[in-house]
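Only one structure is covered here, and it is reproduced in the block below.
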Amino acid sequence: NNGPPDQIGPFKEDLDAGIRPETKTILCMGNHEFYGGSKPLWEKTFDVPGNSRSVVNGFHFIALSPEKGTMQNGDYRYALDWLKRELDAAIADDPMKPIFLAQHYHIDGTVYGSIGRERWGVDDLCKLLENYPTVVDFSGHSHFPINDPRSAWQGEYSAFGTGTLSYFEMEGGKYVKFPPGHRNAAQFYVVDVYDDNSVILKPYDLISDSFYDIIYTIAEPGNISKYLYTDDRYDRAGKPSWSTGAKLEVKNLDAFGGTFVFPQAKDETVVHSYHFHFRRKEKGEWINDFEHDAWSNYFYRPMPETLEVPLY
């Protein structure tokens, strides 16, 4: 969880034991590694620089570490000149290939978790990456689920949220930030890169040892006109619906509330949550009483077919 030797040392041992000798490991720092640790200690422990560019089977991978772990704008600004040189070197090698970039914080205004109430993103890389459409960026930090379609974003380049191996930490405010069972979480991508430079990302659930029912595709990295995960997709999206005959049941009903039981709605991607709006009749008129938002638990696999939502 933090960066002192007694934590990153055992992690390094586990990493070495679990990685095949022929597999190249590419690492970057997050913010927790600065808690009780330092960049020099991290680099010495893992025997790699905090910032690096590697070539694997002709594809360039860039790992970028923050200068410090403040989780605020500015943590990556020290390395912008370095990053530009490395991106330019990758393009000079082959301008058609995707360039894989990984850093811990999300980039503002891109993937789920980078904007809004929680805002786990920073703006350090925004302007620079607008000039590199073949970049495929990976970021984490927010613990938001990768099978949420908003974890895939494309604008001037492509960006993907990498989810969590520890626990889900969701949107707060009107939602329960830590849903029941939130520590039952372990997600990652299996990424296939093909000779034609196309990229397929398949979200995987380690808990159930199975793939989620969603994949992300970059058919032509750099061809912005063919990008699928642009913001206008929300205007084109259909609405969720229930199957014919679906019914709502209320159990344990008393003067203070009850448990609402219903089958999950259907959607072309995922159903994120449900909004309950209650009214009561007072002196012959209906007035607003209270509202409630409940997760569909789409981030668990298998997603429950029926929900039970206690409301009291």
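- Salt bridge annotation for Glu67-Arg77: absent, with no cationic side-chain nitrogen under 4.0 angstrom from a carboxylate oxygen.
- In summary, Asp289 and Arg279 do not engage in a salt bridge, as defined by a charged side-chain N under 4.0 Å from a carboxylate O.
- Side-chain atoms of Trp42 and Lys39, non-hydrogen and from C-beta on, never get closer than 4.5 Å to each other.
- Evaluation of the side-chain hydrogen bond (donor to acceptor under 3.5 Å, both in side chains) rule for Asn51 yields Tyr78 as partners, not counting sequence neighbours.
- Salt bridge status for Asp75 with Lys68: absent, with no side-chain N to carboxylate O gap under 4.0 Å.
- With a 4.5 Å cut-off on side-chain heavy atoms, Ile8 and Leu41 count as touching.
- Residue Leu253 is found in a hydrophobic cluster whose other members, listed by chain and number, are Trp242, Leu248, Val250, Phe260, Phe262, Val271, Tyr274, Phe276, Phe278, Phe290, Leu307, Val309, Leu311; membership requires side-chain heavy atoms under 4.5 Å apart, directly or through intermediates.
- In this structure, Pro179 and Trp295 approach most closely via the heavy-atom pair CB-CD1, 3.7 Å.
- Looking at Glu249 and Lys247, no side-chain N of the basic residue comes within less than 4.0 Å of a carboxylate O on the acidic one, giving no salt bridge.
- Remark: Phe100 pairs with Phe61 by the ring-ring contact (aromatic ring centres under 6.0 Å, His included) rule, at least two apart or across chains.
- Counting heavy atoms of neighbouring residues, nucleotides and ligands inside a 6.0 Å radius, atom CG of Asp232 exceeds 12 of them.
- At a threshold of 4.5 Å between non-hydrogen side-chain atoms, the residues Tyr216 and Lys202 do not count as touching.
- Side-chain contact between Ser198 and Glu220: absent, with no pair of heavy atoms (C-beta onward) separated by less than 4.5 Å.
- Under the 3.5 Å distance criterion, the side-chain polar atoms of Glu33 are left unmatched by any main-chain donor or acceptor of Gly3.
- By the side-chain hydrogen bond (donor to acceptor under 3.5 Å, both in side chains) test, Lys84 pairs with Asp88, sequence neighbours left out.
- With a 6.0 Å radius and a threshold of 12 heavy atoms from other residues, nucleotides or ligands, Glu268 has its CD atom above the threshold.
- With values rounded to the nearest 0.5 angstrom, Asn297 atom CG is found 10.0 Å from Phe168 atom CZ.
- For the residue pair Phe59 and Lys97, the shortest heavy atom distance occurs at CZ-NZ, 3.8 Å.
- Rounded to the nearest 0.5 Å, atoms CD (Glu43) and OG (Ser52) are 10.0 Å apart.
- Residue-environment remark: CG (Asp81) stays at or below the threshold of 12 foreign heavy atoms within 6.0 Å.
- Not one N or O on the side chain of Gln154 forms a donor-acceptor pair closer than 3.5 Å with the backbone of Ile224.
- Take His60 and apply the ring-ring contact (aromatic ring centres under 6.0 Å, His included) test, not counting sequence neighbours, and it matches no residue.
- Taken together through direct or relayed side-chain contacts under 4.5 Å among Ile, Leu, Val, Met, Phe, Trp and Tyr, Val48 and Val56 form parts of separate hydrophobic clusters.
- For Trp120 and Tyr105, the ring centers sit 6.0 Å or farther from each other.
- The shortest side-chain heavy-atom distance between Val190 and Ile200 does not fall under the 4.5 Å cut-off.
- No option in Asp124, Leu83, Leu128 other than Asp124 meets the side-chain contact (heavy atoms from CB on, under 4.5 Å) test with Tyr76.
- Phe256 has its ring centre no less than 6.0 Å from the ring centre of Tyr312.
- Looking at residues two or more places apart in sequence or on another chain, you find no salt bridge (Lys or Arg N to Asp or Glu O under 4.0 Å) involving Lys44.
- Neither side chain, Glu156 nor Tyr132, offers a donor N or O lying under 3.5 Å from an acceptor on the other.
- A donor-acceptor pair shorter than 3.5 Å cannot be found between the side chains of Ser114 and Arg119.
- Here the CG-OG distance, from Leu27 to Ser65, works out to 8.5 Å after rounding to the nearest 0.5 Å.
- Side chains of Asp205 and Ser208: a donor-acceptor N/O pair is present below 3.5 angstrom, by distance only.
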Would you check, one step at a time, whether the test salt bridge (charged side-chain N to carboxylate O under 4.0 Å, His left out) holds for Lys177 with Glu169?
CA-CA 6 Å; Lys177 192 171 184 178; Glu169 182 173 351; 3.4 Å; yes
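- At least one side-chain heavy atom of Leu201 sits less than 4.5 Å from a side-chain heavy atom of Val199.
- For the residue pair His272 and Tyr112, a side-chain donor N or O sits within less than 3.5 Å of a side-chain acceptor on the partner.
- Put simply, Phe299 and Ile215 are part of two different groups of oily side chains (I, L, V, M, F, W, Y) that touch within less than 4.5 Å, one to the next.
- Within a 6.0 Å radius of CG in Asp254, more than 12 heavy atoms belonging to other residues, nucleotides or ligands are found.
- Using the six-membered ring where Trp is involved, Phe160 and Tyr229 have ring planes that are perpendicular, over 60° apart on the 30 and 60° scheme.
- Evaluation of the ring-ring contact (aromatic ring centres under 6.0 Å, His included) test over residues 16-41, restricted to residues two or more places apart or in two chains, returns His32-Tyr35.
- One finds no salt bridge joining Lys239 and Asp267 here, because no Lys/Arg side-chain nitrogen approaches an Asp/Glu carboxylate oxygen to under 4.0 Å.
- Other members of the cluster containing Ile207 do not exist, because no ILVMFWY side chain is joined to it at under 4.5 Å.
- Its side chain outside the 4.5 Å cluster rule for every partner, Trp286 clusters with none of the Ile, Leu, Val, Met, Phe, Trp and Tyr residues.
- Qualifying ring-ring contact (aromatic ring centres under 6.0 Å, His included) partners for Tyr227, counting only residues two or more places apart in sequence or in other chains: none.
- The shortest side-chain heavy-atom distance between Tyr204 and Gln187 does not fall under the 4.5 Å cut-off.
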Which side-chain N or O atoms in residues 136-145 pair as donor and acceptor under 3.5 Å with protein atoms at least two apart or in another chain?
{"residue": "Asp137", "atom": "OD1", "partner": "Gln103", "partner atom": "NE2", "Å": "3.4"}
{"residue": "Asp137", "atom": "OD2", "partner": "Gln103", "partner atom": "NE2", "Å": "3.1"}
{"residue": "Ser139", "atom": "OG", "partner": "His106", "partner atom": "ND1", "Å": "2.6"}
{"residue": "His141", "atom": "ND1", "partner": "Asn31", "partner atom": "OD1", "Å": "3.3"}
{"residue": "His141", "atom": "ND1", "partner": "His104", "partner atom": "NE2", "Å": "3.0"}
{"residue": "Ser142", "atom": "OG", "partner": "His106", "partner atom": "NE2", "Å": "2.8"}
{"residue": "Ser142", "atom": "OG", "partner": "Phe144", "partner atom": "N", "Å": "3.2"}
{"residue": "His143", "atom": "ND1", "partner": "Thr164", "partner atom": "OG1", "Å": "3.2"}
{"residue": "His143", "atom": "ND1", "partner": "Tyr167", "partner atom": "O", "Å": "2.7"}

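- No side-chain heavy atom of Phe188 sits under 4.5 Å from any side-chain heavy atom of Thr162.
- Legend: residues meeting side-chain hydrogen bond (donor to acceptor under 3.5 Å, both in side chains) with Glu291, ordered by chain and number and at least two apart, are His275.
- Electrostatic pairing of Asp213 and Arg301 counts as a salt bridge here, judged by a charged N lying under 4.0 Å from a carboxylate O.
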